[in-house]
Amino acid sequence: MIHNEIFYLFSIISIGYIFGNIKIRGFSLDVTAMLIVALIAGHYGMVISEDFKFFGLAIFIYAVGLQSGPGFFDTIKNEGIKLNIIAFALLILIFASVYLIGYGFKLPSPIIEGIFTGSLTSVPALAAALEIKDDPSISVVFGVVYPFGIVATVLFIRILPMLFRVDMEKEIEEYESTQKIRYPDIFTKNFLINNENFRNSEIKKSQIEGMTSTVIERIQSSEPIDHEADDAILRFDDIIRVSGTKEQLTNLSLILGHEISEEHTFKDNMKVFRLLTTSKEIVGKKIGTVKELTSLRAIITKVRRAGIDIPAYPSLTLRLGDKLYVVAPEIYSEKVIKLIGNDLLKYSAADFLPISLGVVLGIILGSIPFMIPGVGIIKLSFVGGILITALILGRLGRVGPIVWNLSPHSTTLLKTLGQLIFMATIGTNAGKYLVASLQTHGFLPVWIALFALIFSLSIVALICRKLLKMNFLNILGLLSGAMTSTPSLTMANNITKTDYPSIAYAAVYPLGLVIVIVLAQMGIKIM
């Protein structure tokens with residue numbers, strides 16, 4: 001049984017995982033250690049069949065796409081367009097630099113492909129390239145270049161603020177001021193309705209909310225309130241509690257009357273809940289379609305997502321992990337909590353239907369040929385089909401009873417397991433060519449990768465800062481996200497002592513991932 005592929009696979013994963021987590025002055029080899037162990041194992045004759053490669057690749061790509069789906073489509077708006085254009089330009093520049101220099105040195109296309117994917121430390125790009133041309137030299141060069149690519153990008157992010165002589169505290173202050181304008185805080189205030197128009201007209205709660213984009217949480221009236229009605233009537237002398245931005249509440253005061261003390265005690269049995277969205281019953285649904293909220297007399301007043309307050313518009317789709325601020329009668333406490341979920345650990349982690357069905361749909365999509373004028377008939381391929389399917393399903397959130405969103409624990413498990421299996425498999429198959437490749441090409445691939453990275457990153461950083469006048473926190477997040485480099489983001493967050501670079505990172509990461517995969521496949525086809 002020792003000479004068994006399963007034994008080889010998990011032995012390589014175990015040893016690689018141990019070495020990958022050893023840190024020296026805060027630096028670790030991470031997944032590089034897995035590839036190095038696999039290359040050595042392959043050199044000594046331990047080979048794992050390629051069926052494992054495609055299995056690991058399928059679940060890895062699917063998990064990445066599913067996680068990136070909401071961000072991929074949501075960020076193609078406002079400033080996200082500018083950030084993604086810059087990220088696209090950076091990747092094109094790295095791609096062109098690697099291929100032009102490689103072509104100048106008359107290197108074979110698999111070697112150049114290994115340099116490009118290794119410089120960006122992109123396992124999905126490597127997988128996409130291997131699907132087009134299953135040449136072991138791609139994996140060998142990837143393994144040689146990969147660790148140098150990680151070190152170069154992390155060190156570049158580290159020294160970039162020093163090169164530009166940036167006052168990071170000032171950058172943070174300016175960034176926070178901009179964020180306050182774009183995503184204003186949501187407040188709660190009490191108002192006494194003393195506008196004479198409310199004496200003579202029947203004005204409904206929904207009318208005021210529609211005019212001002214606020215949410216009316218509670219109503220205290222001298223008249224009986226019909227809680228079974230779909231809408232409530234607002235009357236003169238009613239006292240209401242409303243949530244909205246400062247500007248929205250100011251506009252509301254012009255319509256209603258005047259603001260009163262926040263300490264006002266409402267004579268009802270309503271309670272404020274702060275709950276995490278974890279129930280499969282509401283994940284992926286728009287707030288306006290959750291009819292159970294009406295029957296429980298529950299009102300979502302705001303949604304907090306990724307550190308940002310979002311108004312609870314009826315058209316807003318609820319995502320797994322959203323923090324909801326809910327006002328509901330205290331007697332319905334248990335039912336409201338059960339409806340929302342409020343426990344990520346109880347979110348279904350063993351529902352494999354969304355995973356298996358999504359992968360099947362992705363493989364089918366990738367197998368469909370279609371015509372592009374001037375190019376000919378092409379297919380999205382195994383990787384492209386699964387990735388695009390996962391991006392779309394991740395954006396949809398749910399289709400009927402099927403919830404595509406996975407819990408963070410499930411997503412992390414799929415990504416990690418898939419990546420480890422994939423790296424172990426390609427490493428053993430490439431290992432037998434390792435020595436011959438180093439003897440033939442030496443460290444030339446490393447020098448080409450380092451030049452392409454530093455040259456391209458420097459040009460883009462200079463344009464962002466000097467020409468576009470971008471905040472440095474956005475620049476750091478943008479560069480890290482375009483290269484889909486988590487270690488670089490970690491360094492950016494460390495040197496800024498905030499998580500602000502993560503916002504730009506998340507804005508460009510999904511598109512960066514797709515572009516890297518497309519370029520990897522394009523590089524093989526054009527050479």
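The structure presented is a predicted model; accordingly, all values stated were derived computationally and were not measured.
- The two residues Pro354 and Ile402 have their closest heavy-atom pair at CG-CG2, 4.3 Å.
- Residues Leu316 and Lys286 have side chains not in contact (no heavy-atom distance under 4.5 Å, counting atoms from C-beta outward).
- How far CG of Leu120 is from CZ of Phe142: 9.5 Å, rounded to the nearest 0.5 Å.
- Taking the ring centre of Tyr325 as origin, the terminal cationic atom of Lys302 falls inside the region bounded by 6.0 Å and 45° from the ring axis.
- Here the shortest heavy-atom pairing between Ala482 and Leu91 reads O-CD2, 3.4 Å.
- Taken to the nearest 0.5 Å, the CD1 atom of Ile475 stands 11.5 Å off from the OG atom of Ser480.
- At least one side-chain heavy atom of Ile287 sits less than 4.5 Å from a side-chain heavy atom of Val303.
- In this structure, Ser458 and Phe156 have side chains that are in contact, with non-hydrogen atoms separated by less than 4.5 Å.
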Take Met483 and Leu457 through the test side chain to side chain contact (heavy atoms under 4.5 Å, CB included) and record every step on the way to the result.
CA-CA 10 Å; Met483 296 184 295; Leu457 288 169; 3.8 Å; yes
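- Closest heavy-atom contact between Leu450 and Ala152: CD2-CB, 3.5 Å.
- Contact of the Ile463 side chain with the Leu467 side chain is registered, since non-hydrogen atoms from C-beta on lie closer than 4.5 Å.
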Kindly determine whether Ile94 and Leu519 satisfy side chain to side chain contact (heavy atoms under 4.5 Å, CB included), including the steps that lead there.
CA-CA 10 Å; Ile94 295 173; Leu519 290 175; over 6 Å; no
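- In this structure, the side chains of Val141 and Glu113 stay at 4.5 Å or more apart for every pair of heavy atoms.
- Between Glu169 and Ile172 the shortest side-chain heavy-atom distance does not fall below 4.5 Å.
- Here the closest non-hydrogen pair linking Ala125 and Ala520 is O-CB, 3.4 Å.
- The shortest heavy-atom contact between Thr278 and Val283 is C-CG2, 4.3 Å.
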Walk me through it: do Leu420 and Phe60 pass the test side chain to side chain contact (heavy atoms under 4.5 Å, CB included)?
CA-CA 9 Å; Leu420 295 180; Phe60 172 63; over 6 Å; no
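- Annotation: the span from Asn471 atom CG to Glu173 atom CD amounts to 11.0 Å, rounded to 0.5 Å.
- Proximity of a side-chain donor or acceptor of Ser119 to a complementary backbone N or O of Phe116 within less than 3.5 Å is detected.
- With contacts defined as side-chain heavy-atom distances shorter than 4.5 Å, the pair Ile421/Lys53 does not qualify.
- Between Phe455 and Phe451, the ring planes lie parallel to each other; the angle is under 30°, not in the 30° to 60° tilted range.
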Ile85/Phe88 under side chain to side chain contact (heavy atoms under 4.5 Å, CB included): CA gap, chis, key distance, verdict:
CA-CA 5 Å; Ile85 290 174; Phe88 176 75; 5.6 Å; no
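- Sorted by first and then second residue, the salt bridge (Lys or Arg N to Asp or Glu O under 4.0 Å) pairs with a member in residues 453-476 read Glu171-Arg465; sequence neighbours excluded.
- A distance of 11.0 Å separates CD1 of Ile112 from CZ of Phe105, quoted to the nearest 0.5 Å.
- Side-chain atoms of Ile59 and Leu417, non-hydrogen and from C-beta on, do get closer than 4.5 Å to each other.
- Panel note: side chain Thr428, backbone Ile48; a donor-acceptor pair is recorded below 3.5 Å.
- Remark: Leu324 CG to Thr277 OG1 distance equals 3.5 Å, nearest 0.5 Å.
- Minimum heavy-atom separation, Thr317 to Asp322: O-OD2, 4.2 Å.
- Under a 3.5 Å cut-off, the side chain of Gln248 and the backbone N or O of Thr245 do form a donor-acceptor pair.
- Residues satisfying the side chain to side chain donor-acceptor pair (under 3.5 Å) criterion with Lys285, sequence neighbours excluded, are absent altogether.
- For the atom pair Ile13 CD1 and Thr425 OG1, the distance stands at 8.0 Å (nearest 0.5 Å).
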